[in-house]
Amino acid sequence: MDPRRLLRWIYIGRMTLASAIFVAAFLSPVRTENPYTWYLAILALVLSTIVTIVSAGYSSVNRGPLGRTFLYLQFIWDLLLVTVVVHTTGPAGVGGPTA
């Protein structure tokens, strides 16, 4: 598979995940109890949008092979985004008791 095609799918998945975090935080009753979660969801959506636009622009302009640093930065950002998902869903997101 072409690495650029795979990256396009990763960009789509990233934005889908960031949007889902935002919608879930917006619709959650926890938003009124803990506004920190709401702010974190907004920050995740905005920063994911910026990172994705910059990454897509870079990968479309740079026609050569994408370097390891670029790919590692993509991986690190996606890891941070998944960490936000785990943090915002909390123990209740996996069926455990709420803290």
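What's counted below: heavy atoms across the whole structure, side chains too, no hydrogens, waters or symmetry copies.
Using a 4.5 Å heavy-atom cutoff, the side chains of Q74 and L66 are not in contact. With a 4.5 Å cut-off on side-chain heavy atoms, L47 and L81 do not count as touching.
Distance check: T16 OG1 to Y11 OH gives 14.5 Å after rounding to the nearest 0.5 Å. In this structure, S48 OG and I21 CD1 are separated by 7.0 Å, a value rounded to the nearest 0.5 Å. Taking CZ from R4 and OG from S60, the interatomic distance works out to 8.5 Å, rounded to the nearest 0.5 Å. Taking CG of L71 as the reference point, atom CD1 of I10 lies at 8.5 Å (rounded to 0.5 Å).
Using a 4.5 Å cut-off between side-chain heavy atoms of Ile, Leu, Val, Met, Phe, Trp and Tyr, with links allowed through other members, V82 and L40 fall into the same hydrophobic cluster. The same ILVMFWY cluster, assembled from side-chain heavy atoms under 4.5 Å apart, contains both M15 and V46. Cluster membership for I42 and V23, using ILVMFWY side-chain heavy atoms within less than 4.5 angstrom, is shared.
Residues passing the side chain to side chain contact (heavy atoms under 4.5 Å, CB included) test with L80 are I76, W77, sequence neighbours excluded. F22 meets the ring-ring contact (aromatic ring centres under 6.0 Å, His included) test with W38; sequence neighbours excluded. Scored by the ring-ring contact (aromatic ring centres under 6.0 Å, His included) test, Y39 finds no partners at all (sequence neighbours excluded).
The list of side chain to side chain donor-acceptor pair (under 3.5 Å) pairs with a residue in residues 62-73, not counting sequence neighbours, reads Y58-N62. Screening residues 76-86 for salt bridge (Lys or Arg N to Asp or Glu O under 4.0 Å), with sequence neighbours left out, gives R14-D78.
V61 forms part of no hydrophobic cluster, judged by ILVMFWY side-chain heavy-atom separations under 4.5 Å.
When all heavy atoms of A44 and V84 are compared, the pair lying nearest together is CB-CG1, 4.0 Å.
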